[in-house]
Protein chains: 2
Amino acid sequence: MKPRTISHSLLGIVSLRPMSGYDIQKFVKENLGYFWKESYGQIYPMLKRMAGQGLVESRVERTNGKPDRQIYSLTASGNAELQKWLGEPAVLPSPRNELLLKLFFGRSGKTEDMRRHVEEFRARHESLSQQYTRVETWLHREHGRHPGLPYWLMTLDYGKRNSRMLLEWSTATLRTMDRLTKADNARTKKRTGRKGGEKP
Amino acid sequence: MKPRTISHSLLGIVSLRPMSGYDIQKFVKENLGYFWKESYGQIYPMLKRMAGQGLVESRVERTNGKPDRQIYSLTASGNAELQKWLGEPAVLPSPRNELLLKLFFGRSGKTEDMRRHVEEFRARHESLSQQYTRVETWLHREHGRHPGLPYWLMTLDYGKRNSRMLLEWSTATLRTMDRLTKADNARTKKRTGRKGGEKP
DNA sequence: ATGAGCATGTAACTGGTTACATGATTTA
DNA sequence: TAAATCATGTAACCAGTTACATGCTCAT
């Protein structure tokens with residue numbers, strides 16, 4: 001009845017191999033970072049709750065000095081829940097793109113500001129593009145025969161295409177902004193008396 | 001000192017023209033829907049709070065029968081705050097793409113499920129692509145000379161490119177899935193004895 | 001010595017969604 | 001007559017972030 005609000009990602013991650021909360025956070029950051037994130041404030045309480053529900057089970061691993069590691073692994077019922085979730089349609093992310101929002105109001109702001117936003121955005125995706133390529137090489141080298149690889153490559157391909165597209169968009173947008181600025185300058189010059197002369 | 005948590009979008013929207021909370025919701029849904037959203041539960045309390053802070057001011061519009069409309073417009077200090085916000089770098093959306101998450105764990109689920117997810121995703125972006133084209137035509141026709149138009153077109157271009165890219169990705173991904181399934185079938189047949197015969 | 005990394009966790013907060021309540025008017 | 005649209009708003013809830021607390025080990 002209760003519409004299950006567990007962070008199913010944890011089920012999926014723990015299904016790959018047993019992990020501690022710390023491991024999970026690291027794994028997400030390093031491997032799913034370009035389309036997912038989790039914070040400790042979610043992971044630890046959620047793992048406990050899920051253990052209480054029998055979806056995962058933990059075993060303790062002693063360490064030297066550091067706090068004991070709680071290693072969580074998937075139970076049969078956890079796997080059932082994972083299967084169920086994997087079969088349900090993915091809920092689409094609620095759209096909230098602050099860059100586009102600012103750009104939409106661009107006319108009310110300063111042109112240089114808008115240009116800077118797009119340039120920063122462009123730079124981010126340039127570096128992301130390179131990362132994707134590195135990750136792809138690494139994946140093939142380290143996990144070339146892993147049965148999960150084709151799926152990992154699908155998500156990576158998404159990232160690659162996304163960044164490539166956004167680079168193109170940024171370039172086109174910056175070009176448009178150039179034209180806007182030039183047209184503006186021309187008009188200003190005309191109005192202030194010196195030079196001028198495009199189509200009306 | 002307090003890191004201003006107002007929904008700056010409201011400032012931007014009200015800067016376009018004075019609006020009521022209801023108008024704002026409608027405007028966002030109809031015009032910014034592909035990259036932004038707001039719910040009444042945010043809009044109404046936030047407008048009141050912002051009025052208290054002097055960022056917007058409201059005037060009452062009597063109506064027949066329906067509740068009076070509170071029309072909000074930007075104040076000078078509201079505009080200052082808007083300018084400030086427009087100049088600050090856009091905070092990037094926290095990555096949370098459930099489709100990719102499921103796909104990443106695809107190997108643990110059913111192939112048909114994954115295929116269905118991608119097909120649904122594809123269909124959505126096909127219809128979105130068409131919407132963008134319609135909106136573009138409409139924008140040129142209705143607001144062909146509006147000074148804000150170039151910026152609106154930039155955000156629209158983002159949407160268009162995005163959907164086009166995702167259509168391509170979907171197609172490529174479905175093709176990969178086909179190949180996977182075929183390879184799987186071939187292997188199964190081989191194992192169960194009948195036929196067979198690819199490279200080792 | 002300093003800082004990064006390991007490893008756990010909690011509390012307070014912020015942001016946002018959903019469902020509800022109200023009730024008239026217009027359209028199918 | 002039913003449903004959609006207009007128009008306001010609140011309360012309860014849920015998800016997620018941030019900052020904090022603790023303290024060891026290892027590399028620079």
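Remember, it's a predicted structure, so these values are computed and weren't measured experimentally. Hydrogens, waters and symmetry mates are skipped; everything else that's a heavy atom, side chains included, is used. Just so it is clear: chains get the letters A, B, ... in the order the sequence lines come, proteins before strands, and each one is counted from 1.
Nearest nucleotide to the A:Lys48 side chain, out of C:dT17, D:dA7, C:dG9: C:dG9. Taking only side-chain atoms of B:Arg96, from C-beta outward, the nucleotide of C:dG9, D:dT17, D:dT10 with the closest atom is D:dT17. Ranking C:dA7, D:dT17, C:dT10 by closeness to the A:Thr63 side chain, first place goes to C:dA7.
Rounding to whole angstrom units, CD1 of residue A:Ile43 and P of C:dG9 are separated by 11 Å. The nearest whole Å value for the distance from the CD atom in B:Gln42 to the P atom in D:dA11 is 17 Å. The nearest whole Å value for the distance from the OH atom in A:Tyr44 to the C1' atom in C:dA7 is 5 Å. Here C:dA7 presents its P atom at 8 Å from CD1 of A:Ile71, a figure rounded to the nearest Å. In this structure, B:Tyr40 places its OH atom 17 Å from P of C:dC20, rounding to the nearest Å. Remark: P of C:dA7 and CD of A:Glu61 are 8 Å apart, rounded to the nearest angstrom. In this structure, the CZ atom of A:Arg62 is 15 Å from the P atom of C:dA7, given to the nearest Å. What separates CG of A:Asp68 from P of D:dT25 is a distance of 14 Å, to the nearest Å.
The pair B:Asp113-B:Arg116 counts as a salt bridge, with a side-chain nitrogen and a carboxylate oxygen less than 4.0 angstrom apart.
When ring centroids are compared, A:Phe121 and A:His117 stay outside the 6.0 Å threshold.
B:Thr75 places a side-chain N or O within 3.5 Å of a backbone atom of B:Leu55 that can act as its donor or acceptor partner.
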Using atom names, set out every protein N or O paired with an N or O of nucleotides 23-27 of chain C below 3.5 Å, distance rounded to 0.1 Å.
none

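Between the side chains of B:Tyr158 and A:Asn97, a donor-acceptor pair is found at a separation under 3.5 Å. In this model, a donor atom of one side chain and an acceptor atom of the other lie less than 3.5 Å apart for B:Ser20 and B:Asp23. For the residue pair A:Arg164 / A:Ser129, no side-chain donor-acceptor distance below 3.5 Å is found, with atom types taken as modelled.
Side-chain contact check for A:Leu11 versus A:Met50: some heavy-atom pair is nearer than 4.5 Å.
Of the residues B:Met19, B:Glu38, B:Gln42, the one that meets the side chain to side chain contact (heavy atoms under 4.5 Å, CB included) test with B:Leu10 is B:Glu38.
Within residues 12-36 of chain B, the residues that have a heavy atom under 4.0 Å from DNA chain D are, in order of number, B:Ser20, B:Gly21, B:Tyr22, B:Lys26.
Note on ring orientation: taking the six-membered ring where Trp is involved, the planes of A:His143 and A:His146 are perpendicular (angle over 60°, cut-offs 30° and 60°).
Contacts of B:Gln70 with the nucleic acid, taken as non-hydrogen atoms under 4.0 Å apart, involve only primed sugar atoms and P, OP1 or OP2.
At the phosphate of C:dT17, OP1 or OP2 sits under 4.0 Å from a side-chain N or O atom of B:Ser39.
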